[in-house]
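Shown next, in structure tokens, is the structure this report addresses.
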Amino acid sequence: MVSLSQLRPSVLNVARQSLHRARLHENAVFSRPASFGTRLVDDMWGGEDSAAPPLDKPPMGPNTYYNYNPITTTIRDPKKDIVEHPEPYHLHIYTTQNNCRIVFTYPSGRLVKNGWWTSGSCGFKGANKSSYEAGYQCAVRAFKRIEEEIARPNFKDSGVSSVKLALKFKGFGWGREAVQKAFLTSEGDNIRSSVVSVEDRTPIKIGGTRAKKARRL
């Protein structure tokens with residue numbers, strides 16, 4: 001048997017309206033004894049804790065369930081003030097056995113103006129592009145560009161810099177070690193507090209196809 005508490009608000013409201021009109025015209029007919037009808041009317045208006053409204057006032061509309069789930073019967077607290085944290089900028093560090101590449105992007109993934117550096121753009125040629133010094137120089141130039149972005153005036157948040165940084169490493173090589181060392185030295189003092197996450201995106205092969213033949217030197 002379905003109880004009144006399990007009825008949908010719209011169905012319950014229609015029943016309340018019908019009972020109210022029947023009470024106005026005094027033509028309420030129940031198929032059970034009068035005691036059951038009185039109890040039914042009380043139940044329609046919330047049980048013993050709440051009495052039926054007077055005849056000169058029509059019943060109210062259906063109950064609203066903004067923060068109420070009738071399935072779990074739990075009431076959630078109203079939404080509190082939610083502080084929106086800005087999305088972090090991305091600093092991608094790609095390092096291989098032959099080169100080092102650093103890319104600085106907006107949270108959307110769009111490249112920041114003058115926000116890319118490679119070993120070649122820093123003046124290294126040939127075998128020197130894979131050296132430790134090449135990666136270090138790339139990191140130093142990238143950190144200076146990030147400092148410029150942090151120092152840029154922010155009129156939206158009362159002058160407070162909204163630049164947050166997420167470091168993303170990919171690949172192995174001397175450039176990776178150089179960037180990490182530069183970040184922990186005095187070169188990275190001004191941006192270290194803006195870093196919110198460090199992620200390693202180096203793909204690691206497990207099984208799969210046969211590897212390419214090793215190069216002979």
Side-chain angles (χ1 to χ4, degrees), residues 76 79-217:
R76 296 178 296 180
K79 293 183 178 180
K80 300 180 181 179
D81 295 335
I82 300 176
V83 180
E84 296 183 358
H85 298 282
E87 293 292 331
Y89 286 59
H90 303 291
L91 185 66
H92 301 270
I93 300 98
Y94 304 98
T95 56
T96 63
Q97 298 296 331
N98 303 315
N99 200 356
C100 177
R101 185 170 75 255
I102 299 179
V103 180
F104 183 40
T105 64
Y106 291 104
S108 61
R110 186 166 55 91
L111 179 66
V112 177
K113 184 178 180 180
N114 299 328
W116 63 273
W117 305 266
T118 62
S119 299
S121 65
C122 294
F124 295 88
K125 303 298 181 181
N128 293 329
K129 294 199 301 183
S130 60
S131 62
Y132 181 93
E133 185 63 24
Y136 194 91
Q137 292 300 325
C138 288
V140 170
R141 299 189 184 192
F143 293 166
K144 289 182 179 179
R145 181 64 183 89
I146 297 173
E147 291 177 9
E148 295 176 1
E149 193 71 19
I150 294 175
R152 191 178 62 178
N154 182 17
F155 301 102
K156 182 178 179 181
D157 298 331
S158 303
V160 180
S161 175
S162 60
V163 176
K164 300 298 180 183
L165 194 61
L167 301 180
K168 300 180 183 296
F169 292 89
K170 183 176 181 180
F172 300 103
W174 285 109
R176 180 190 181 106
E177 299 295 330
V179 173
Q180 292 177 356
K181 293 292 184 181
F183 179 73
L184 297 176
T185 58
S186 60
E187 303 290 348
D189 288 343
N190 296 330
I191 69 170
R192 199 176 301 130
S193 59
S194 300
V195 176
V196 295
S197 65
V198 179
E199 183 179 355
D200 189 355
R201 291 191 168 187
T202 304
I204 298 178
K205 183 179 178 181
I206 301 176
T209 58
R210 181 175 178 176
K212 187 177 179 180
K213 182 177 65 174
R215 180 186 177 189
R216 292 186 180 181
L217 300 177

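These values consider heavy atoms only, across backbone and side chains, with no hydrogens, waters or symmetry-generated copies. When a residue number appears, it is its place in the shown sequence, counting from 1.
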Pair up each side-chain donor or acceptor in residues 208-216 with any protein partner under 3.5 Å, not counting sequence neighbours, and list the distances.
none

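Expressed to the nearest 0.5 Å, how far NE2 of His92 lies from CG of Leu167 amounts to 10.5 Å. Rounding to the nearest 0.5 Å places CG of Asp189 at 8.5 Å from CD of Glu187. With rounding to the nearest 0.5 angstrom, the SG atom of Cys138 is 10.0 Å from the CD atom of Glu133.
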For a side chain to side chain contact (heavy atoms under 4.5 Å, CB included) check, start with the C-alpha distance between Trp117 and Gln137, then their side-chain angles and the critical distance, and finish with the verdict. CA-CA 9 Å; Trp117 305 266; Gln137 292 300 325; over 6 Å; no
Determine whether Tyr94 and Asn99 satisfy the following criterion, side chain to side chain contact (heavy atoms under 4.5 Å, CB included), listing intermediate values before the conclusion. CA-CA 8 Å; Tyr94 304 98; Asn99 200 356; over 6 Å; no
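Residue Leu165 is tested with Ile150, Leu91, Val196 for a side chain to side chain contact (heavy atoms under 4.5 Å, CB included); the sole match is Leu91.
When atom types are taken as modelled, the side chain of Thr95 and the backbone of Gly171 share a donor-acceptor pair closer than 3.5 angstrom. With Arg192 contributing its side chain and Ser186 its backbone, the two residues share no donor-acceptor pair below 3.5 Å.
Surrounding NZ of Lys168 are more than 12 heavy atoms belonging to other residues, nucleotides or ligands, all under 6.0 Å away. The environment of Lys205 atom NZ is dense: over 12 non-hydrogen atoms of other residues, nucleotides or ligands sit within 6.0 angstrom.
Between Tyr136 and Tyr132, the two ring planes are parallel [angle under 30°; tilted spans 30° to 60°]. Between Tyr106 and Tyr89, the ring planes are tilted. Angles from 30° to 60° get that label.
Here the shortest heavy-atom pairing between Thr105 and Val112 reads C-CG2, 3.7 Å. Val179 and Phe143 get closest at one heavy-atom pair: O-CZ, 4.4 Å. The nearest pair of heavy atoms linking Val195 to Val198 is CG1-CG2, 4.1 Å. Nearest heavy atom pair, residue Pro107 against residue Glu87, reads CG-O, 3.3 Å. Closest approach of Lys129 and Ser119 over heavy atoms only: O-OG, 2.8 Å. Across all non-hydrogen atoms, the minimal contact from Cys100 to Gly175 is SG-CA, 4.2 Å.
At least one side-chain heavy atom of Pro203 sits under 4.5 Å from a side-chain heavy atom of Lys170.
Take Arg201 and apply the side chain to side chain donor-acceptor pair (under 3.5 Å) test, not counting sequence neighbours, and it matches Glu199. For Asn190, the side chain to side chain donor-acceptor pair (under 3.5 Å) partners are Glu147, not counting sequence neighbours.
In the model, Thr96 has no side-chain atom that pairs as donor or acceptor with a side-chain atom of Asn98 under 3.5 Å.
The residues Arg145 and Glu149 are annotated as salt-bridged, a charged nitrogen and a carboxylate oxygen being separated by less than 4.0 angstrom.
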